[in-house]
Structure formats: C-alpha cells, structure tokens
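Quick notes on the structure that follows.
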Amino acid sequence: MLFSKIFIPTLREAPSEAEAVSHVLMLRAGYVRQLAAGLYIYLPLAWKVMGKINKIIREEMDAIGAQEISMPSLHPSEIWQKTGRWDDIGEEMFRLSDRGGRDMCLGMTHEEIITWLASMEIRSYRGLPQIWYQIQAKFRDEARPKSGVLRTREFIMKDSYSFDRDENGLEESYKKHAEAYHRIFSRCGLKFYQVESDPGMMGGATAHEFMAPSPAGEDTIILCKKCGYAANIEIAKSTPMSQPPQESWILEDIPTPGKRTVDEVSGFLKISPIFFIKSLVLIGKEGPFLALVRGDQELHEKKLQKIVGDFRPAQRDEVRNILGVEAGFIGPHNNKLRKIADISLKDGIYISGANKEGFHTKGIKPSVHFEAEWHDIHVAGEGDKCSKCSEEIALGKAIEIGNIFKLGTKYSKPLKAFYLDEKGREIPIIMGSYGIGPARIAAAAIEQNNDKDGIIWPSSIAPFDMEIIPLNMEDAEVSRITNQFYNELIKEGIDVLMDDRDERPGVKFKDADLIGIPCQVIIGGRSLKDGFVEIKSRKTKEVEKLSVDVAIKKIKEIGIQGR
RNA sequence: CGGGGCGUAGCGCAGCCUGGUAGCGCGCCUGCUUUGGGAGCAGGAUGUCGGAGGUUCGAAUCCUCUCGCCCCGACCA
C-alpha cells in the first residue's frame, strides 16, 4: 500500500480532549476520530489493526470448536422481559420502539438472544455441547464514556456462549475458553493476568477477567507473586498488614467530647487508627446491623453485599432511634444488633464508641466483649498479605480485555432452553458466556507499547508488517531500489506500507514512528552510494545496515515471521 | 447523577476582566528553492467566536437559559 493512497491524517498536536496515552496516540497517528461522547470512527489504520485482532480471535475460537454466527443488534423487549433484565438494567440500555409501538432495545450483550435460539433449536442431549460466537457491535449507554476507545457507548465485542448438558461439560467449555483467551492475548503481544472476578449482574457463580496491566486501566487487581493468586479488588481477599501489638488495656470508658471520626479520636488520644474499630450502622432487608472494620481499613461494600444482600447506610436520626446515641459514638459492645466484622479484628484489643454520647471505650476485646460474624469485608490494600500464602500482595491498575462467566441455568430456565436426556427427562441447558473487547486489546497494546515518538505495535497486530521509507523519491537510484523492495515484498504477500509522499525525510521519520509499524526499511541516497539500505527496529531503534540483496532476503523473513 | 474544567479557522491557543471592524503558531492551497529527524522564501484561502434570548448605538467580551466535550466521583452485562 502506498502512503499517498491510504488515509492517515496524522496530527502534530493532540486534540486537547485526549488524556489517556492510547487515546492521544490513536488521534495523533490518524487511527480514530471521535463522533460524539463514546462514539468513534475507526480510520483505515485502526480498522486494519482490528481486522488482525479479530483474525487471531477467530482462529483461536475456531480451534476450540466454536462456530461463528451473527445475531441482530436490535432486540424485541419480550425476551429481555422473560429474564427480568428489561427491568433490572436501568439507563444503561438503549431503548426504542418500532413503528408499531413495540418496545425494542439495542443489544448490550446477547445471552437472551442466543438462549432463545438454543431454546428453539436444541432438543436433545445429542445436540450438545455447542459453542457459538460472534464479533459484533454492542450498545451501552454508559454514564461516563472515557479514555478514547477504552470505554465507549458502541463497541465491537467477541461474545461466545457455551451450551452443555451438565456442570462437567460447562467446566470443560470454560477451560477451553480460558485456554483460547490465553493464546489470543499472548498472540496479540499483551502482558495480561487472569484474575478472579465478581460475576455481577451476569449472574452465575464463577467468573474470571483477563486484565492487561496499564495505568489507564479502570480496574484494580491484586497479585501475589509467590502463589500466583490474582483477583479483581472487587472480590480480592487479603490479610491486612501489621496486626496491632497487644496492649494491656483494661476496659474503661474515656471522655472524647465532640470527637466522632476515627481520625478525630485517634488524633485526640494520640493512638494509631489501627487500634480502632469503625462501627457503621447499615440498614439491610432484615433491619439494621453493624459492619465493623479496623480503623485504618475501608469497608468493601460489594463484599458485604454478598453476605447480607442489599443495604444502605442509616440516616443520622435513624442511628439515634436505633441505638439512642449519635453516630460517632457507636461501638460493637453493649448492643444487640447483628454484627458483621472484618477478619482483621479477630485478635487484638481496641477502642470504639461507647454507645454513650461523648465517650469511647478502650480495651474492647473481640469475642470477649462482643460476638460477630467474621468475614473479609475490607478493601484490599498495598502492603496486605496474600490470604492463601501470606506473601505480600501487589496492587495494580489494569484494563479488562476479556471475561469468562459460568452462567449455569440463569438464562436457560426462564427462556425454557431445555434438552431431553437419554432417559427422556427435560433438563435445562448449562451455559457459559465469554467476552473479548478487540478495541481494548488495541488500546491496551498501545498503552503497554509506546514511547515519546508514538506507538510501537506488536508485529502480530500492527496495521502493516513493515514500512519502507525512501528518503528522496526524486533520486533515481533511491526510487529504483525502493520499487524493487516494494514489488518483491508484495510478491511474497507481505503487507507493506511505502511512504511515496514528496515529503522531507524528517516528516517521514516522524510519521513512521508515530504510526508505529514495528519494522522500518530506510532507503536513502547517501547509504545507497555505499551499497546498503537500513533496517530499523521501531522498538529498539537499532539499525542494521545491509546490502540490497541481503536486506531483501532478511526483510522477507521478518515479514513472514510477523504473520 | 454530584463536583470541576473547557467550547474562538483542520489542530494547538491568545483576545473576554475594562464592549468599539476577530488574531497568533502549525497545518492547508499556489510557485520557486530544498531533501538523513516535523525545511526556506513569496503569495493565498479558511470563522454561524457552540446555540438561543436579553442588555446596549454597538456583544467573542456583560446577563439569563441551553447544548456539547473532557476530567474526578457514583455507576458499569
């Protein structure tokens, strides 16, 4: 492809709205343009990258026996009503009605539709297992689209769905997907981790996410270098660092006039927050209860929600009605409320509210002065210990590039996707659902591979295998050799971009570095006189000077390897 | 949805406080020169100053409303 014939609108300066590195570089290097918040146009270079990513995805999906299909983006509401999600999902779903007034929506995912299909078509255990997938647009009216293509309102997704007879079958399909995902992300040149995750609204018991570490990521993951435990912070278990030393306090109420928060009381008494119990009054379905975390810890609401269901914080006057004391002087002892306490409080001796206006109690011993249900309900933090092997864990930001869910019968039951087993019994199909965001792969690849000059694509997903940079097309010899290279590479089926523009060398170098094709072939009059051309690595900037014949041979090898 | 910021030429920005014929750099077009890291000279084109209403002799500038975009938070199958 000739540079002069492909639309690559590079910019010297990045539009001011871009913040994330991948966003800035995609705009500057002429890959994307923004139509509106969370809506992007993919220009030729970006679309070529997406094509390469999707090709890798297809190859690996096909390799596990998955079959590609295509489902509509426009869905009738009835099916979504049957699973309850028409009502469960709020403003995030784009809703519209057709000319007949029927409620419709734009598909944000396809569990409903594919399960409908299975319910119509799968009758017998003989038709199982199945894995069906598609690569297609999804629509989500995000509250806050951000970071370029990382979080958009319309995006391409590879979504696949497995249908099995039983849990063992699901386990098999799940494993196959996990393995395929490892191959896909590795082939795309990404650093990534598979982490345990919260199934969330998807339902089901088990879920994992594939996370590409990057400061631009929206998720926080925790990693244990020793045992390999990796989890999204949404569910990550950990042991808080440094248990407080045992003090020999006796149980006593001490006046703390006007001091309510842990910080205030801790400062007033000059005792570290680690010796405090934070007592939060919450209102659940079955009434008020107390959540207890150590003074230096934060309550993890999602973890708590898994234990007690939905809850909300109590209002100021509710607290007074329930405990007869103002929030700020509440403690775990001297009251009969249900208590959920974080495991970090199990040992030690603590200070907490005295349940008496203006007083805190010092010397509280858990399990002696109060009883509680013990759970991990704190937010894992830097310096915490791994809950499995006690090694120190690391926290990091990451981009979610894929996820896998065990759904079970969450969709097959309401949509009546049943099969008949050998004995003629009607049994709900066991399902799994699996997603990959190709645009996030591209953005993560840029986030993980760039320098001050621009993008450095992994060769597997670069828009071209290599770029030829003739420094002066007016020079007859440069022009001749360039065309020789170009034609020979094309003949080999190597996807090559040739910068035939009448631009100065500096412009061509800058643009080449910006768009990030990993291998550059530089053909200039000066070096040609000495009988060589240059092969330059975009990543290392290393230049190899080779004679024309050797260079052609070498480049063919590089180009073919890159595929 | 809460908090903050910004909308002036394709991109980056100044002008606004203190109202008086809309500017700079880059890019773009033409010509000549130039050709190993964003060239030089000469000439040229480009604006509903986000939109609507108001104040005023006069509004990019002041007032009111509104729309859009970005960032932080909440939310996120």
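The sequence lines fix the lettering, A, B, ..., with proteins before strands; numbering per chain opens at 1. Excluded from the calculations below are hydrogen atoms, water molecules and symmetry mates; all remaining heavy atoms, backbone and side chain alike, are included. Just so it is clear, the structure is predicted and the values come from calculations on it, not from any experiment.
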Candidates [options] - which lies nearest the side chain of [X]:
{"X": "Val507(A)", "options": "rA39(B), rC11(B), rG37(B)", "value": "rA39(B)"}
{"X": "Leu11(A)", "options": "rG38(B), rG36(B), rC11(B)", "value": "rC11(B)"}
{"X": "Arg144(A)", "options": "rG73(B), rG37(B), rU35(B)", "value": "rG73(B)"}
{"X": "Pro505(A)", "options": "rU35(B), rG38(B), rG12(B)", "value": "rU35(B)"}
{"X": "Asp502(A)", "options": "rG36(B), rC69(B), rU35(B)", "value": "rU35(B)"}

Between the side-chain atoms of [X] and the base atoms of [N], is any donor-acceptor pair under 3.5 Å?
{"X": "Glu13(A)", "N": "rG25(B)", "value": "yes"}
{"X": "Lys536(A)", "N": "rG37(B)", "value": "yes"}
{"X": "Glu534(A)", "N": "rG36(B)", "value": "yes"}

Separation of [X] atom [atom1] from [N] atom [atom2], in whole Å?
{"X": "Glu218(A)", "N": "rA74(B)", "atom1": "CD", "atom2": "C1'", "value": "13 Å"}
{"X": "Glu503(A)", "N": "rU35(B)", "atom1": "CD", "atom2": "C1'", "value": "11 Å"}
{"X": "Glu474(A)", "N": "rG36(B)", "atom1": "CD", "atom2": "P", "value": "13 Å"}
{"X": "Glu234(A)", "N": "rA74(B)", "atom1": "CD", "atom2": "C1'", "value": "14 Å"}
{"X": "Arg153(A)", "N": "rC69(B)", "atom1": "CZ", "atom2": "P", "value": "7 Å"}
{"X": "Glu142(A)", "N": "rC69(B)", "atom1": "CD", "atom2": "P", "value": "14 Å"}
{"X": "Glu91(A)", "N": "rC75(B)", "atom1": "CD", "atom2": "C1'", "value": "10 Å"}
{"X": "Leu35(A)", "N": "rC70(B)", "atom1": "CG", "atom2": "P", "value": "11 Å"}

With sugar-phosphate meaning primed atoms plus P, OP1 and OP2, does [X] contact a base, only sugar-phosphate, or nothing at under 4.0 Å between heavy atoms?
{"X": "Ala143(A)", "value": "base"}
{"X": "Glu400(A)", "value": "nothing"}
{"X": "Met473(A)", "value": "nothing"}
{"X": "Asp511(A)", "value": "base"}
{"X": "Ser147(A)", "value": "sugar-phosphate"}
{"X": "Gln34(A)", "value": "sugar-phosphate"}
{"X": "Ala14(A)", "value": "sugar-phosphate"}
{"X": "Lys146(A)", "value": "sugar-phosphate"}
{"X": "Arg28(A)", "value": "base"}

Whether the [X] and [Y] side chains hold a donor-acceptor pair (N or O, under 3.5 Å, no angle test) is what I'd like checked.
{"X": "Gln136(A)", "Y": "Lys138(A)", "result": "yes"}
{"X": "Ser537(A)", "Y": "Glu542(A)", "result": "no"}
{"X": "His378(A)", "Y": "Ser238(A)", "result": "yes"}
{"X": "His177(A)", "Y": "Ser160(A)", "result": "yes"}

Quantified in whole Å, what is the [atom1] atom distance between nucleotide [N] and nucleotide [M]?
{"N": "rG31(B)", "M": "rG68(B)", "atom1": "P", "answer": "44 Å"}
{"N": "rC29(B)", "M": "rU21(B)", "atom1": "P", "answer": "33 Å"}
{"N": "rU46(B)", "M": "rU30(B)", "atom1": "C1'", "answer": "15 Å"}
{"N": "rC16(B)", "M": "rA59(B)", "atom1": "C1'", "answer": "11 Å"}
{"N": "rC69(B)", "M": "rU34(B)", "atom1": "C1'", "answer": "42 Å"}
{"N": "rA22(B)", "M": "rG51(B)", "atom1": "P", "answer": "15 Å"}
{"N": "rG50(B)", "M": "rG58(B)", "atom1": "C1'", "answer": "23 Å"}
{"N": "rC62(B)", "M": "rU55(B)", "atom1": "C1'", "answer": "8 Å"}

So, is [X] near the phosphate of [N], with a side-chain N or O under 4.0 Å from OP1 or OP2?
{"X": "Arg12(A)", "N": "rC26(B)", "result": "no"}
{"X": "Ser16(A)", "N": "rC11(B)", "result": "no"}
{"X": "Arg504(A)", "N": "rA39(B)", "result": "yes"}

Note: [X]-[Y] ion pair, threshold 4.0 Å (strictly below):
{"X": "Arg538(A)", "Y": "Glu467(A)", "result": "no"}
{"X": "Glu179(A)", "Y": "Lys176(A)", "result": "no"}
{"X": "Glu111(A)", "Y": "Lys410(A)", "result": "no"}

Check: In a check of side-chain contact (heavy atoms from CB on, under 4.5 Å) between Val32(A) and each of Ile41(A), Leu27(A), Leu43(A), which one passes?
Finding: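 Filter result, single survivor: Leu27(A).
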Checklist line | Residue closer to the 5' end of RNA chain B, Thr10(A) versus Pro15(A) (nearest nucleotide) | finding: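 Closest to the 5' end, via its nearest nucleotide, is Pro15(A).
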